[in-house]
Student: 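Take a look at the following structure, please.
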Number of protein chains: 2
Amino acid sequence: MTTGENGGAAVPARLRELPSRLLGQASTHAQRLVTEALGRADAHKWHYAAMVALEESGPVSQAALSDRTGIHRSDLVAVINELAERELVERAPDPDDRRRNVITLTPLGRRRLRRLEQILDTAQDELLSPLSAAERAQLTRLLGRIVEHHAYGASAMGPDGQ
Amino acid sequence: MTTGENGGAAVPARLRELPSRLLGQASTHAQRLVTEALGRADAHKWHYAAMVALEESGPVSQAALSDRTGIHRSDLVAVINELAERELVERAPDPDDRRRNVITLTPLGRRRLRRLEQILDTAQDELLSPLSAAERAQLTRLLGRIVEHHAYGASAMGPDGQ
DNA sequence: CCGCTTGCGTTGGTGTCACTAACGATATAG
DNA sequence: CTATATCGTTAGTGACACCAACGCAAGCGG
């Protein structure tokens, strides 16, 4: 979808103002910006997500990491591989439960995370450049409400949920 | 990415509040909602986009349609095929320029479009259900500014209007 | 202790989507 | 007439979200 080029042709208002479409296009631009920025530093969105979660939670299993990042556990394998390859993370079997791998952020990983944070800050800034600070906060709040609202469905979830 | 399931595990605030990530997740939910809704009616996002553009512009070439909808011209081929198959649209060679196909919305297509509009309205409503009318308008405006701002690059034109 | 069920990490695969590359046919410029 | 550009079309790519199934380990009931 994404727009590509447009030599001044009229995009119908019904399309221009359709929220689902706006979300799609904005998301495409957003992903492109952050993917390119991180790519220049040999990194990936998922690397950042995993490392942030690891810094907050300390060493955890891959399953827990999947919950905390939203990265599917089948995709997480490759992410951990790449991070471990670069020695940003260590994967070790959990002695208490030998089904698990405990993932630990290395000091190098922590430094790396600082760098990725800078890169992402810049990218967000570019993404939101047409908006004021107040508008950015507003947008973030509104999107957060939408995402939170639609965050149900797949799992069983305890009886207490909801 | 999309969240999948979450048994109450803590998603770090740095992730939850990252605009590019919020956009991605919101977009995923949005696309899922509209794709499923339209799918139940044997339709597709692109069908709607093309038909809206055709209704506004009258008969146009595929290239023009591509500009007006943002659908890549290589993808538009299949879209027109599907619409023509259902007799919602007619594809005829342009006598004035035999490289072109002129695409015309049929009366059946126009009726069909009314139906798709209903479906999409419902889907947008579900998507935005946690927001008030004012907030929905706000969100649409903010997203529109972002999309518009990033809608450059490929063609001539200054790279970064600002 | 044994069998059953559940959770873990891993592999391989699927469908959607935006986008690129190249081609034959046609139109237009020099 | 030759060169270049545009149009529709085909095929293919890479990113992404997600599913299915497996081997293995843990925990539980009997």
Side-chain angles (χ1 to χ4, degrees), chain A residues 1-5 7 20-21 23-36 38-39 44-47 49 60-67 69-82 84 91-103 150-151 153-156, chain B residues 1-5 7 9 20-21 23-36 38-39 44-46 49 60-67 69-81 84 91-103 150-151 153-155:
Chain A
M1 250 175 191
T2 6
T3 300
E5 66 292 310
S20 60
R21 190 185 165 87
L23 276 174
Q25 300 199 172
S27 170
T28 298
H29 289 301
Q31 306 314 308
R32 172 146 48 214
L33 282 176
V34 319
T35 298
E36 279 176 2
L38 289 174
H44 197 275
K45 290 186 303 177
W46 297 332
H47 298 14
V60 287
S61 71
Q62 291 184 203
L65 210 47
S66 173
D67 286 345
T69 57
I71 302 171
H72 197 104
R73 54 188 219 285
S74 63
D75 297 320
L76 195 53
V77 178
V79 174
I80 305 291
N81 283 345
E82 290 160 14
R91 184 200 259 128
D94 184 342
D96 296 352
D97 183 343
R98 297 195 348 264
R99 291 172 302 181
R100 292 184 190 173
N101 287 333
V102 180
I103 313 299
H150 290 283
S155 80
Chain B
M1 253 173 186
T2 7
T3 298
E5 64 294 309
S20 60
R21 189 184 166 89
L23 275 173
Q25 300 198 172
S27 169
T28 298
H29 289 300
Q31 305 315 307
R32 172 148 42 215
L33 282 176
V34 318
T35 299
E36 278 174 4
L38 289 175
H44 196 276
K45 293 186 302 178
W46 297 333
V60 287
S61 71
Q62 291 184 203
L65 209 48
S66 173
D67 286 345
T69 57
I71 301 171
H72 197 104
R73 53 189 221 285
S74 62
D75 297 319
L76 195 52
V77 177
V79 174
I80 305 292
N81 283 345
R91 184 200 260 127
D94 184 343
D96 295 353
D97 182 344
R98 299 199 344 268
R99 291 172 302 179
R100 292 184 189 170
N101 287 332
V102 180
I103 313 299
H150 291 283
S155 67

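In what follows, every chain begins at residue 1, and chains take the letters A, B, ... in the order their sequences are listed.
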Student: Considering only heavy atoms from C-beta outward, does the side chain of B:Gln62 approach that of B:Ser66 to under 4.5 Å?
Tutor: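 B:Gln62 does not reach B:Ser66 side chain to side chain.
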Student: How many whole angstroms separate atom CD of A:Gln25 from atom P of C:dC17?
Tutor: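 Interatomic distance, CD of A:Gln25 to P of C:dC17: 14 Å.
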Student: Nearest of D:dA26, D:dC7, C:dG9 to any side-chain atom of A:Asn101?
Tutor: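 Taking heavy atoms from C-beta onward, the closest nucleotide is C:dG9.
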Student: What's the closest nucleotide to the side chain of A:Thr28 if the choices are D:dG8, C:dA18, C:dT11?
Tutor: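 Between D:dG8, C:dA18, C:dT11, the one nearest the side chain of A:Thr28 would be C:dA18.
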Student: If you check every side-chain atom of A:Asp75, which of D:dA17, D:dT10, C:dG9 has the closest atom?
Tutor: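 Looking only at side-chain atoms, A:Asp75 lies closest to D:dA17.
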Student: Between P on D:dT6 and CZ on B:Arg100, what's the gap in Å once rounded to a whole number?
Tutor: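 The answer, rounded to whole Å, is 11 Å.
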Student: Separation of B:His150 atom NE2 from C:dA18 atom C1', in whole Å?
Tutor: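 Rounded to the whole Å, the gap is 17 Å.
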Student: From C-beta outward on A:Arg99, which listed nucleotide comes closest to its side chain: C:dT6, C:dA22, D:dA17?
Tutor: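 My answer, after comparing the listed nucleotides, is C:dT6.
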Student: Determine the contact category for A:Ser61: base if any of its heavy atoms lies under 4.0 Å from a base atom, sugar-phosphate if only primed atoms, P, OP1 or OP2 are that close, otherwise nothing.
Tutor: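 Touches sugar-phosphate only.
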Student: CG/A:Asn81 to CZ/A:Arg91 distance, rounded to the nearest 0.5 angstrom?
Tutor: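 Here the rounded value is 4.5 Å.
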Student: Picking from C:dT26, D:dA25, C:dA22, which would you name as closest to the side chain of B:Arg73?
Tutor: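 Nearest to the side chain of B:Arg73 among the choices is C:dA22.
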Student: Please determine whether a side-chain nitrogen or oxygen atom of B:His44 lies at a distance below 4.0 Å from atom OP1 or OP2 of C:dT16.
Tutor: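 Looking at the OP1 and OP2 atoms of C:dT16, neither is under 4.0 Å from any side-chain N or O of B:His44.
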Student: If you check every side-chain atom of B:His72, which of D:dC19, C:dT10, C:dC19 has the closest atom?
Tutor: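 Looking only at side-chain atoms, B:His72 lies closest to C:dC19.
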Student: If I take atom CZ from residue B:Arg99 and atom CG from residue B:Asp94, how far apart are they, to the nearest 0.5 angstrom?
Tutor: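 The CZ atom of B:Arg99 sits 10.0 Å away from the CG atom of B:Asp94.
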Student: Using whole Å, report how far CD of B:Gln62 lies from C1' of D:dG8.
Tutor: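 Rounded to the whole Å, the gap is 6 Å.
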Student: Please tell me if the side chains of B:Lys45 and B:Val34 come closer than 4.5 Å, counting only heavy atoms from C-beta onward.
Tutor: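 Side chain of B:Lys45 against side chain of B:Val34, heavy atoms only: contact under 4.5 Å found.
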Student: A:Arg91 has a side chain; which of C:dG9, C:dT10, D:dA11 sits nearest to it?
Tutor: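 The listed nucleotide nearest to A:Arg91's side chain is C:dT10.
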Student: Measure from CD1 on B:Ile71 to P on D:dT9 and round the result to the nearest Å.
Tutor: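 In whole Å, D:dT9 P and B:Ile71 CD1 are 14 Å from each other.
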Student: Check whether any side-chain N or O of B:Arg32 sits under 4.0 Å from OP1 or OP2 of D:dA17, and answer yes or no.
Tutor: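 So the side chain of B:Arg32 is outside the cut-off, no N or O lying under 4.0 Å from OP1 or OP2 of D:dA17.
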Student: Output the rounded distance in Å from CD (B:Gln31) to C1' (D:dA15).
Tutor: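 To the nearest whole Å, that distance equals 15 Å.
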Student: Taking atom P of D:dT9 as reference, at what distance in whole Å does atom CG of B:Asn81 sit?
Tutor: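 Distance, rounded to whole Å: 7 Å.
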Student: Once rounded to the nearest 0.5 Å, what's the spacing between atom CG of A:Asp75 and atom OG1 of A:Thr69?
Tutor: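 Between A:Asp75 CG and A:Thr69 OG1, I get 10.0 Å after rounding to 0.5 Å.
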Student: Nearest to the side chain of B:Arg98 - C:dA27, D:dC7, D:dC18?
Tutor: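 Nearest nucleotide to the side chain: C:dA27.
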Student: In Å and rounded to the nearest 0.5 Å, what is the CG to CD distance from B:Leu38 to B:Gln31?
Tutor: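 B:Leu38 atom CG to B:Gln31 atom CD measures 10.5 Å (nearest 0.5 Å).
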Student: Using a cut-off of less than 4.0 Å, is there contact between a side-chain N or O of B:Lys45 and OP1 or OP2 of C:dT16?
Tutor: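 Looking at the OP1 and OP2 atoms of C:dT16, neither is under 4.0 Å from any side-chain N or O of B:Lys45.
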Student: Of the nucleotides C:dC17, C:dG9, C:dT11, which one has an atom closest to the side chain of A:Ser74?
Tutor: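 So the side chain of A:Ser74 is nearest to C:dT11.
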Student: How close or far is atom C1' of D:dC16 from atom CG of A:Leu76, stated in whole angstroms?
Tutor: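 The answer, rounded to whole Å, is 15 Å.
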Student: Nearest to the A:Trp46 side chain among D:dC16, C:dT26, C:dC17, which nucleotide is it?
Tutor: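 When the side chain of A:Trp46 is considered, D:dC16 is the closest of D:dC16, C:dT26, C:dC17.
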